[in-house]
Amino acid sequence: MDQSSKMPRDTAGTGSYAWIAVRAAVLFIILCGIAYPLLCTGLAQLFMPGNANGSLIKDSSGKVVGSELIGQHFTDQKYFQSRVSSIEYKAEASGSNNYAPSNPDMLKRTQESIKAWKEANPDVSITDLPVALVTNSGSGLDPHITPESAAVQIPRISKLTGIDPNTLQQLVDKHTAGRDLGVFGEPRVNVLELNIDLKSLMTK
Amino acid sequence: MGVLQIVIVLAVVMLLVKPLGTYVYHVFSNEPNRTDRIFGWLERLIYSLIGLKQRAGMTWKRYVLSFLLTNIIFVAIGYLLLRIQSVLPLNPNDIGNMEQTLSFNTIISFMTNTNLQHYSGESGLTYFTQMAVIMMMMFTSAATGFSVVIAFIRGLMSKGQTLGNFFEDFVKSHTRILFPAAILVTLLLVALQVPQTFDPTITVTTLEGAMQKIAVGPVASLESIKHLGTNGGGFFGVNSAHPFENPSALTNIVEMLSMWLIPACLPYVYGRFAKNSKQGWVVFSAMMTLFIVFLCVIYTSEMNGNPQITAMGIDTSQGNMEGKEVRLGVAQSALFSTVTTAATTGSVDNMHDTLTPLGGMVPLAQMMLNVVFGGEGVGLVNMLMYAILGVFLCGLMVGRTPEFLGRKIEPKEMKLIAVAILMHPLIILAPTAIAFLTDLGKGSITNPGFHGVSQVLYEYTSSAANNGSGFEGLADNTPFWNITTGLVMLLGRYISIIAMMAVAGSLVRKRLVPETIGTFRTDNVLFYGILIGTVLIIGALTFLPTIVLGPVAEHLTLGS
């Protein structure tokens with residue numbers, strides 16, 4: 001046996017390191033890229049199938065009408081309106097126009113939203129119109145509006161549907177979620193869930 | 001309430017730094033400990049599968065060679081998979097192959113832990129490539145960074161020639177940290193409503209009777225490692241702003257802690273290796289101080305909102321909500337933006353392009369400094385580089401050979417550090433200038449005025465810092481942007497790592513200088529001040545002019 005075989009491994013040729021590197025790369029592609037996501041999917045589907053499949057929700061007749069987490073585009077003024085979305089809540093994609101605060105197109109869009117809102121809601125002062133309602137969410141899929149954004153829509157919906165404003169306010173309160181654990185995030189109203197209940201109220 | 005929820009998250013981080021840092025120290029100190037019984041069998045199995053018979057220490061050159069080789073093989077296989085993804089399994093939505101320059105950009109982006117995305121996940125990748133390329137690289141690039149920082153620390157502390165065995169560090173990063181944490185966080189996220197499925201896009205009839213297609217997929221398993229590995233590339237185009245990636249403030253916090261805790265505990269790990277935990281706390285405090293200053297700027301600026309919208313007469317008490325999600329609001333968004341650019345993750349839960357000018361300056365500045373916590377590994381290495389520079393400057397002032405942790409800092413080390421420090425601004429400012437000189441670069445700007453400067457600057461800063469967030473308005477999926485940012489990411493990752501490994505390789509051979517009354521101490525308040533000063537002075541000298549041209553000019557013209 002020659003001297004070199006007794007030396008520490010560190011002096012081995014680059015070739016042996018390359019071979020270890022190749023084997024390590026293949027193994028970790030299998031471990032991280034295939035075994036790990038399969039294991040996670042298996043566990044998730046086994047124990048939490050509802051969440052794992054996108055938190056789908058049904059209307060009063062039991063038909064799936066969307067996901068609790070994904071906003072919808074409401075055109076009918078009888079419904080509570082969602083936030084501005086440049087992709088109109090088309091959830092096969094996601095995104096917004098990424099308008100800078102100085103972008104003239106964004107300022108124009110906001111002014112137009114305010115104008116349209118004034119026409120649809122003549123009874124409410126625009127000083128009460130929350131900024132969240134006329135701005136584009138980051139995802140373009142925001143399922144929520146703020147409780148204030150729901151409240152300012154009540155006079156319009158009451159007028160169009162004939163439902164008593166107090167009943168509507170109770171409906172909004174029912175669907176208002178507080179901050180997580182009482183501290184984190186912001187109070188919010190899930191627009192789709194609110195409108196599902198509103199729809200069943202309208203058809204009564 | 002906004003401030004309170006931020007303070008709670010900061011407090012949780014500070015409380016967890018020590019226990020977590022202790023754990024990480026034990027993983028890499030290579031001394032026998034209790035966790036061997038849990039993970040030992042798996043590691044021995046992996047060592048035998050990859051043919052690693054002895055785990056002898058490596059010189060810095062061997063260490064660098066090993067991790068470069070491994071990374072090159074990952075890149076080659078990953079590139080191939082992207083190019084042929086349409087015929088591979090798990091493609092229920094019939095996605096096509098990825099174009100050449102986009103594949104080049106994507107593969108470099110994920111291998112360098114940057115996760116700049118010029119594609120959109122919903123339409124650009126199959127479930128298989130999301131797993132075998134994206135998730136795989138999220139693990140392996142993080143483990144590479146981890147190994148490098150540990151090797152660097154060993155170089156500063158130990159005696160002899162070697163910095164440890166790369167393959168052993170790489171395997172242990174997975175088995176003892178990333179795998180268990182990723183599985184745990186994945187399940188936690190699913191419990192909080194993040195999807196995890198192989199089903200194709202769901203089609204529903206909406207309440208108003210329209211059709212809505214809802215993209216789903218194995219989101220949670222990507223989301224967890226995306227943050228744990230400080231990667232940042234989203235499953236969906238809008239990243240953690242997407243309600244499936246980040247359904248609530250609680251998931252927002254889980255994601256922030258996932259990306260922040262490991263970088264935050266590394267200074268403590270460094271202190272443990274130095275057998276003087278004060279060394280670690282000095283570095284940690286310097287990072288935390290800078291972090292809090294930046295956080296205050298972005299939070300205040302976003303709460304104040306956009307003056308031009310306030311002028312329209314509506315209720316803007318919520319702050320700047322353009323590009324933000326209602327469930328997260330300004331507080332969770334501002335904190336997330338600060339954490340993600342500090343930890344060089346680059347995931348976003350609000351659109352950075354839509355931030356107020358001074359708010360948007362914060363992520364930009366943190367990536368320019370690149371030392372506030374920093375990504376898996378490289379952040380601490382960068383901060384220690386500034387620490388050595390600080391020692392050197394002080395040494396010059398008193399006319400004494402500078403020492404760091406008992407070792408003399410000599411011209412060879414300072415030259416390498418100068419290369420590493422100057423590389424960062426060079427690969428940001430030079431390509432930014434080139435982009436403005438050509439229509440190929442300028443043509444992609446979507447926001448007019450001074451903000452356009454910020455868009456271009458942000459793209460290259462994010463690439464160089466291996467962050468990966470973007471001012472996403474930039475139309476960046478063009479050969480020009482794919483290739484230039486790809487090269488910047490490569491240089492940003494490997495030049496500084498190799499230079500710093502060379503520093504470690506040089507320091508590890510030096511004789512220890514006994515500590516005397518004249519030794520300049522690096523574990524006290526004075527040094528904390530010097531460290532912050534060095535970082536800010538170098539940062540301001542290199543980047544202030546461009547910051548003034550971009551965010552500051554936009555702020556001044558926006559009116560207030």
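Naming convention: chains lettered A, B, ... in sequence-line order (proteins, then strands); numbering from 1 in each chain. These figures come from a predicted structure and were not determined experimentally. Computation of the quantities below employed the complete heavy-atom set of this structure, encompassing side-chain atoms and omitting hydrogens, waters and symmetry-equivalent molecules.
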*Should the pair A:Lys78-B:Glu208 be classified as a salt bridge under the 4.0 Å nitrogen-to-oxygen rule?*
no

*Does the B:Gln212 side chain pair with the main chain of A:Gly71, one donor and one acceptor, at a distance under 3.5 Å?*
yes

*If you count heavy-atom pairs under 4.5 Å with chain A, which of B:Met135, B:Glu472, B:Gln130, B:Met137 comes out on top?*
B:Glu472

*asked:* Under 3.5 Å, is there a donor on one side chain and an acceptor on the other for B:Gln196 and A:Thr41?
replied: yes

*Select one option (side chain, backbone, both, neither) describing which atoms of B:Phe67 are under 4.5 Å from chain A's heavy atoms.*
neither

*Find the one option among B:Val216, B:Leu4, B:Leu187 whose heavy-atom pairs under 4.5 Å with chain A are most numerous.*
B:Leu187

*Going by heavy atoms in the side chains, are A:Glu92 and B:Ile214 under 4.5 Å from each other?*
no

*asked:* As an exercise, state the distance from CD1 of B:Ile314 to CG of A:Leu133, rounded to the nearest 0.5 Å.
replied: 9.0 Å

*Contacting region of B:Phe450 [heavy-atom separation from chain A under 4.5 Å]*: neither

*Answer with side chain, backbone, both or neither: which region of B:Ala191 has an atom nearer than 4.5 Å to a non-hydrogen atom of chain A?*
both

*Considering only heavy atoms, which portion of A:Leu27 lies under 4.5 Å from any heavy atom of chain B: side chain, backbone, both, or neither?*
side chain

*Counting only heavy atoms closer than 4.5 Å, note whether B:Ile8 contacts chain A via side chain, backbone, both or neither.*
side chain

*side chain to side chain donor-acceptor pair (under 3.5 Å) between A:Ser139 and B:Glu325: does it pass, once the steps are laid out?*
CA-CA 8 Å; A:Ser139 61; B:Glu325 305 283 301; 3.0 Å; yes

*For A:Asp142, is it the side chain, the backbone, both or neither that has a heavy atom under 4.5 Å from a heavy atom of chain B?*
both

_Greatest number of heavy atom pairs closer than 4.5 Å to chain B - which of A:Leu56, A:Leu107, A:Val64, A:Ile34_ = A:Leu107

*B:Val194 versus chain A, the contacting section by heavy-atom distance below 4.5 Å*: backbone

*Identified side chain to side chain contact (heavy atoms under 4.5 Å, CB included) counterpart of A:Phe28 within the set B:Thr70, B:Ile73, B:Thr140*: B:Thr140

_A:Leu39, part contacting chain B, at a heavy-atom distance under 4.5 Å_ = side chain

*Among B:Phe198, B:Phe179, B:Phe167, B:Phe236, single out the residue with the greatest number of heavy-atom pairs under 4.5 Å to chain A.*
B:Phe167

_Using modelled atom types and a 3.5 Å cut-off, is there a donor and acceptor pairing between side-chain atoms of B:Glu322 and backbone atoms of A:Ser137?_
no

*Name the member of A:Cys40, A:Ala25, A:Ser94, A:Ser125 that forms the most heavy-atom pairs with chain B at distances under 4.5 Å.*
A:Ser94

*Check each atom of B:Ile253 against the heavy atoms of chain A and say whether the ones under 4.5 Å are side chain, backbone, both or neither.*
side chain

*What distance separates B:Ile309 CD1 from A:Thr110 OG1, expressed to the nearest 0.5 Å?*
4.0 Å

*From CA spacing to verdict: side chain to side chain donor-acceptor pair (under 3.5 Å), B:Gln193, A:Glu68*: CA-CA 10 Å; B:Gln193 291 188 301; A:Glu68 183 192 330; 3.2 Å; yes

_Are the side chains of B:Gln5 and A:Glu186 in contact, using a 4.5 Å heavy-atom criterion?_
yes

*Do any N or O atoms from the side chain of A:Asn98 and from the backbone of B:Asp353 form a donor-acceptor pair under 3.5 angstrom?*
no

*Heavy atoms, side chains only, cut-off 4.5 Å: are B:Asp315 and A:Asp128 in contact?*
no

*asked:* For B:Leu81, which atoms come within 4.5 Å of any heavy atom of chain A: side chain, backbone, both, or neither?
replied: neither

*asked:* On a heavy-atom basis, which atom in B:Met131 and which in A:Gly33 lie closest, and how many Å separate them?
replied: CB-O, 3.1 Å

*Under 4.5 Å, counting heavy-atom pairs only, tell me which of B:Gly473, B:Pro243, B:Ser224 racks up the most with chain A.*
B:Pro243

*For A:Tyr89 and B:Thr206, does a side-chain donor sit closer than 3.5 Å to a side-chain acceptor?*
no

*Straight-line distance of B:Lys324 NZ to A:Ser96 OG, nearest 0.5 Å*: 11.5 Å

_Portion of B:Ser248 that has a non-hydrogen atom of chain A nearer than 4.5 angstrom_ = both

_Between A:Asn136 and B:Gly323 (side chain of the first, backbone of the second, donor and acceptor by atom type, cut-off under 3.5 Å), is there such a pair?_
no

*Among the options A:Asp59, A:Leu38, A:Ile114, A:Val134, pick out the one with the most heavy-atom pairs lying under 4.5 Å from chain B.*
A:Ile114

*Taking the side chain from A:Arg23 and the backbone from B:Leu49, do they hold a donor-acceptor pair closer than 3.5 Å?*
yes

*asked:* Can you tell me which portion of A:Leu69 sits under 4.5 Å from chain B's heavy atoms? Options are side chain, backbone, both or neither.
replied: both

*Examine distances only and state if a side-chain atom of B:Asn306 and a backbone atom of A:Pro101 form a donor-acceptor pair shorter than 3.5 Å.*
yes

*State, with a plain yes or no, whether a side-chain heavy atom of A:Tyr17 is found less than 4.5 Å away from one of B:Leu65.*
no

*Between CD1 of B:Ile134 and SG of A:Cys32, what distance do you get to the nearest 0.5 Å?*
13.5 Å

*Residue, of A:Ala177, A:Gly50, A:Pro130, that accumulates the most heavy atom pairs under 4.5 Å with chain B*: A:Pro130

*Report the option among A:Ala52, A:Gly95, A:Pro104, A:Gly140 that has the most heavy-atom pairs separated by less than 4.5 Å from atoms of chain B.*
A:Ala52

_Please rank B:Ile46, B:Thr310, B:Asn165, B:Val9 by heavy-atom pairs under 4.5 Å with chain A and give me the top one._
B:Ile46

*Flag the one option from A:Val84, A:Thr127, A:Leu181 with the top tally of heavy-atom pairs under 4.5 Å to chain B.*
A:Thr127

*Out of curiosity, A:Leu31 CG to B:His174 NE2, how far, rounded to the nearest 0.5 Å?*
8.0 Å

*To the nearest 0.5 Å, tell me how far A:Asn53 CG sits from B:Thr197 OG1.*
4.5 Å

*For the pair A:Tyr36 (side chain) and B:Ser221 (backbone), establish whether a donor and an acceptor sit closer than 3.5 Å, ignoring hydrogens and angles.*
yes

*asked:* If you compare all heavy atoms of A:Ala132 against all heavy atoms of B:Val326, which two are closest, and at what distance to 0.1 Å?
replied: CB-CG2, 4.3 Å

_Flag side-chain contact, heavy atom, 4.5 Å: A:Gln72 against B:Leu207_ = yes

*Verify side chain to side chain donor-acceptor pair (under 3.5 Å) between B:Glu554 and A:Ser102, making sure each step is shown before the conclusion.*
CA-CA 7 Å; B:Glu554 190 190 1; A:Ser102 58; 2.7 Å; yes

*Side chain, backbone, both or neither: which part of B:Ile77 has a non-hydrogen atom closer than 4.5 Å to chain A?*
side chain

*Highest number of heavy-atom pairs under 4.5 Å with chain A: which of B:Leu222, B:Asn447, B:Val204?*
B:Asn447

*Which atoms of A:Thr75 come close to chain B, meaning under 4.5 Å heavy atom to heavy atom: side chain ones, backbone ones, both, or neither?*
both

*Which answer fits B:Ala182, side chain, backbone, both or neither, if we ask what part of it has an atom under 4.5 Å from a heavy atom of chain A?*
both

